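Worksheet: one structure, shown below.
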Amino acid sequence: MGGEGGAEPVIHFVFVHGASHGAWCWYKLTTLLDAAGFKSTSVDLTGAGISLIDSNIVFDSDQYNRPLFSLLSDLPPHHKVILVGHSIGGGSVTEALCKFTDKISMAIYLAASMVRPGSIPSPHLSNIHVGEEDIWEYTYGEGTDKPPTGVLIKPEFIRHYYYSQSPLEDVTLSSKLLRPAPMRAFQDLDKLPPNPEAEKVPRVYIKTAKDNLFDSVRQDLLVENWPPSQLYVLEDSDHSAFFSVPTTLFAYLLRAVSFLQR
Ligand SMILES: CC[C@H]1c2cc3[nH]c4c(c3C)C(=O)[C@H](C(=O)OC)c4c3nc(cc4[nH]c(cc(n2)[C@@H]1C)c(C(C)=O)c4C)[C@@H](C)[C@@H]3CCC(=O)O
């Protein structure tokens, strides 16, 4: 955990957003944690949130994850963080876990992509939203004869798939803030070689039970394929627990980290 040389080590949470989101989506959680005396940081990955980079020119996962990697590499010696990733942000968490293993005391996946390094994820998992509707809008930054460079959920599907149980104010605000996500950065996320050291770090999975985007069956499959040390279920949560059930999520985060102190 912290280890700043004072009497009590600081418990420091670092939050990683999912596709199209940004550091902004964690505002309720960081407020609760800061008020309770914890340290929290939320990052904007390249091309997301208030990043000045156009996501159409983000080419790979290294470039996409650079703000997170910089944060971790700049931590003082012996300072460890609890890394929390949402949705496809779980891929960034796993990459960070492999690259900065000694900086991470716990990895927490919230309705997130949790794929074991060295394994091949089932195609059933990598097909985003396998339902009937075509809910995605693509951007062709290099021309329509080339593969898409960006992807964003169509406006009419935002509420149902991302925020069905969340307050309307959060839906309204998010609708203004969501940005196209860098397709090419996602293609190589989760394509990591085996990493036995990273496997020693405790992992926690938090399931979202009323999730219209990432259904229970697929979340269960991730958990089955790479069992975490702790599993929690947010019964009333949509895909975006940081909006729909922030106080329960806060309580689960505290319960999860309490196991580090035993
Ligand atoms: C375009 C393919 C690329 C990909 C994109 C993508 N993935 C998610 C979104 C987008 C645009 C979302 O909006 C959603 C999210 O982050 O919401 C905030 C996404 C999810 N992805 C998940 C799992 C998952 N995705 C991939 C792969 C890709 N996602 C493509 C390369 C994998 C693997 C291993 O290949 C996995 C495990 C979920 C956590 C969410 C839910 C989306 C869904 O599956 O319906």
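Reckoned from all heavy atoms, side chains included, excluding hydrogens, waters and symmetry mates. Each residue takes its place number in the sequence, starting with 1. Counting convention: from 1, in listed order, for ligands and their atoms alike. Everything numeric here is computed off the predicted structure, so don't read it as measured data.
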Looking only at heavy atoms of Trp136, does any of them come nearer than 4.0 Å to an atom of ligand 1? yes
Of the side chain and backbone of Ser240, name the one, both, or neither that has a heavy atom under 4.0 Å from an atom of ligand 1. neither
Among Leu97, Ile82, Val14, which residue meets the side chain to side chain contact (heavy atoms under 4.5 Å, CB included) test with Ile104? Leu97
For a 4.5 angstrom cut-off between non-hydrogen side-chain atoms, does Lys99 reach Asp62? yes
Just which atoms of ligand 1 are under 4.0 Å from any heavy atom in Ala111? 39 (C)
Can an N or O of Tyr162 be found at a distance shorter than 3.5 Å from an N or O of ligand 1? yes
Quick check on contacts: which atoms of ligand 1 are under 4.0 angstrom from a heavy atom of His21? 18 (C)
Counting heavy atoms only, which part of Leu213 comes closer than 4.0 Å to ligand 1: side chain, backbone, both or neither? both
Against His239, only a single residue in Ser166, Ser87, Ser244 fulfils side-chain hydrogen bond (donor to acceptor under 3.5 Å, both in side chains); can you say which? Ser87
So if I count the atoms of ligand 1 from 1 in the order they appear, which ones are less than 4.0 Å from some heavy atom of His239? 17 (O), 18 (C)
Under the criterion side chain to side chain donor-acceptor pair (under 3.5 Å), I'd like the reasoning laid out for Asp211 against Ser237: C-alpha separation, chi angles, the key distance, then a yes or no. CA-CA 7 Å; Asp211 191 325; Ser237 181; over 6 Å; no
Measure across Phe13 and Ile11 and return the closest heavy-atom pair with its distance rounded to 0.1 Å. CE1-CG2, 3.8 Å
Is it true that Asp60 and Arg184 make a salt bridge, defined as a side-chain N closer than 4.0 Å to a carboxylate O? no
Find all atoms of ligand 1 within a distance of less than 4.0 Å from any non-hydrogen atom belonging to Arg218, and give their numbers and elements. 43 (C), 44 (O), 45 (O)
Atom indices of ligand 1, in the order listed, that fall short of 4.0 Å to a heavy atom of Phe214: 38 (C), 39 (C), 41 (C), 44 (O)
Would you mind finding which of Asp215, Ile88, Asp188, Ile153 brings a heavy atom closest to atom 25 (N) of ligand 1? Ile88
As a quick check of understanding, evaluate side chain to side chain contact (heavy atoms under 4.5 Å, CB included) for Ser174 and Phe243, giving each step before the final call. CA-CA 10 Å; Ser174 303; Phe243 288 153; 3.2 Å; yes
Those atoms of ligand 1 less than 4.0 Å from some heavy atom in Val151: 11 (C)
Closest by any non-hydrogen atom to atom 19 (C) of ligand 1: pick that one out of Gly91, Ser113, Ser87. Ser87
Look at Arg218 together with Asp215 and state whether they make a salt bridge at an N to O cut-off of under 4.0 Å. yes
With heavy atoms only and a cut-off of under 4.0 Å, state how His17 meets ligand 1: side chain, backbone, both or neither. neither
When you measure from atom 10 (C) of ligand 1 to each heavy atom in Gly90, Ala19, Ala185, Gly89, which option holds the nearest one? Ala19
Ligand-residue contact atoms, ligand 1 with Met183, heavy atoms, under 4.0 Å: 1 (C)
Donor on one side chain, acceptor on other, Tyr232 and Gln230, under 3.5 Å: yes
Asp102/Lys80 salt bridge by N-O under 4.0 Å criterion: no
